[in-house]
J.: 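This structure is in structure tokens; I'll ask about it shortly.
In what follows, every heavy atom counts, from backbone to side chain, and hydrogens, waters and symmetry copies are set aside.
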There are 2 protein chains.
Amino acid sequence: MSKKKQDLVDHAESLFYNYGIHAIGLKRIVTEANVALMTMYNHFESKEDLVLEVLKQREDRYFDLLRSHVNTSDNQALAIARAHSEWLRSSRQNGCMFLRAKEEYSDPTHPINTYVVAHKEALLAFVKKENFNHEDAMRLVLLLEGATSLAEVVDVDEVATQLQSMVTTTIGE
Amino acid sequence: MSKKKQDLVDHAESLFYNYGIHAIGLKRIVTEANVALMTMYNHFESKEDLVLEVLKQREDRYFDLLRSHVNTSDNQALAIARAHSEWLRSSRQNGCMFLRAKEEYSDPTHPINTYVVAHKEALLAFVKKENFNHEDAMRLVLLLEGATSLAEVVDVDEVATQLQSMVTTTIGE
DNA sequence: TTAGAAATATAATGATCGTTCTATTTATCA
DNA sequence: TGATAAATAGAACGATCATTATATTTCTAA
């Protein structure tokens, strides 16, 4: 991945996350990334293609974070909750970018929509892989998503504390 | 509220919820509502003004539903969870419209942003009014928001079942 | 040094955005 | 019926949208 291309992805992710995909034009992205518009079309087929690359890189970072916590703990539920707390603390609180992308492209046949659905199914599968049954996996993910939303209105540190507490008492070890 | 004005609000709410605010133009709204564009500007100062009216009516409906359940139950936490489940079941699963509006207008001084923050603070206050302390109120709202998000990916009935179960075991009666 | 690739600036495309203006028609009600 | 208000169609505004074309410059590697 060339430096220019990565700059585009990074600035696109930040702007899309802060304002939404439809709300941000390509001109704003290339300007802030110090890249020519034609360079963007040299690297990506379309805006939709850029969005998908943003989501793909973000997904990789998220699962890498989850894995690094799970691999160094013996309480997998709490490890996931701690990883998610760290994820939340590391950026602005503007909700889950994956769900927001799905909500903007709510046609279930749209590539962005199907990508997000697959991402959330991958998250559920990740949890189940750590020896949680279907019900506990759903409960854990519900708590993670609730923390992401609540942190938009309540201080993220307070939310993280409650998340970890609730996961400990709710999810069967 | 004249019939034409209410038609505008209803169709705007549906379109905004399904696709997002920036993604929907006023032309689409007035066309589907069978109303002239100038009629919309006769009733609302701007698109932002229309958005605020949509949120206001939606907020009224949501709190009315919460109140009706709380007033006919002695388990207030479960009553709120049941009301929220009914709310989710009664429409498409595209997330919390209030948080989504806030996310699209993430400038904390924007009227839409401040309206949503006030709405979520009102929700927390509503819960606290039912004899829940600050911590339990936050936990309950976290569970509600988590259910809203999870229902975008998992069958809403399954989510509602888990929500009510988690509320019962998590929130001190 | 030089050939080929990458990135650039600029302009044009047709479409849509929110908003405003004008002029005409329709509905309401005393 | 006649007066007042509500709603209408249609065009125009300047701005921005995603995308494409053209032509020039900068970088890179042999």
J.: Whole Å only: how far is the NZ atom of A:Lys47 from the P atom of D:dT16?
T.: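 To the nearest whole Å, that distance equals 15 Å.
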J.: Where the side chain of B:Thr39 is concerned, which of D:dT19, C:dA9, D:dT8 is the nearest nucleotide?
T.: D:dT8
J.: Measure CG/B:Leu8 against C1'/C:dG18 and give the value in whole Å, please.
T.: 15 Å
J.: Let me check I have this right: for DNA chain D, each base becomes ., (, ), [, ] or |, based on Watson-Crick or G-U pairs with both distances under 3.5 Å. What is the full string?
T.: ||||||||||||.||||.||||||||.|||
J.: Write down the distance between CD1 (A:Ile29) and C1' (D:dA18), rounded to a whole number of angstrom.
T.: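 After rounding, the gap between these two atoms is 11 Å.
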J.: Please give, in whole Å, the distance from C:dA6 P to A:Met38 CE?
T.: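 Between P of C:dA6 and CE of A:Met38: 13 Å.
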J.: Can you see whether B:Phe126 has B:Lys129 sitting over its ring - NZ or CZ less than 6.0 Å from the centre and within 45° of the normal?
T.: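 Yes; both conditions hold, so B:Lys129 lies above the ring face of B:Phe126.
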J.: Just how far, in rounded Å, is P of C:dA27 from CG of B:Asn34?
T.: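 To the nearest whole Å, that distance equals 14 Å.
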J.: Mark yes or no: B:Arg100 above the aromatic ring of B:Tyr17, with NZ or CZ under 6.0 Å from the six-membered ring centre and no more than 45 degrees from the axis.
T.: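 Geometry flag: set, cation within 6.0 Å and 45°.
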J.: Does a side-chain N or O of B:Lys4 approach OP1 or OP2 of D:dA7 to a distance below 4.0 Å, or not?
T.: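 Looking at the OP1 and OP2 atoms of D:dA7, neither is under 4.0 Å from any side-chain N or O of B:Lys4.
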J.: Tell me: OH of A:Tyr41 to P of C:dA12, nearest whole Å?
T.: 18 Å
J.: For B:Tyr105 and B:His22, take the angle between the two ring planes, folded into 0 to 90°, and tell me which bin it lands in: parallel under 30, tilted 30 to 60, perpendicular over 60.
T.: parallel
J.: Measure CD1/A:Ile24 against P/D:dT16 and give the value in whole Å, please.
T.: 13 Å
J.: Taking only Lys NZ, Arg NE, NH1 and NH2, and the carboxylate oxygens of Asp or Glu, determine whether B:Lys120 and B:Glu145 approach each other closer than 4.0 Å.
T.: yes
J.: Please report the distance, rounded to the nearest Å, between NZ in B:Lys27 and C1' in C:dG18.
T.: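 So the NZ-C1' distance, B:Lys27 to C:dG18, works out to 11 Å.
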J.: Considering only side-chain heavy atoms of B:Ala36, which listed nucleotide, D:dT19, D:dT8, C:dT8, is closest?
T.: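 Among D:dT19, D:dT8, C:dT8, the one nearest the side chain of B:Ala36 is D:dT8.
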J.: Please say whether the positively charged group of A:Arg28, taken as NZ for Lys or CZ for Arg, lies over the ring of A:Tyr19, i.e. under 6.0 angstrom from the six-membered ring centre and within 45 degrees of the axis.
T.: yes
J.: Consider the side chain of B:Leu37, meaning its heavy atoms from C-beta on, and name the nucleotide among D:dA9, C:dT8, C:dT20 that approaches it most closely.
T.: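 Closest of the options to the side chain of B:Leu37: C:dT20.
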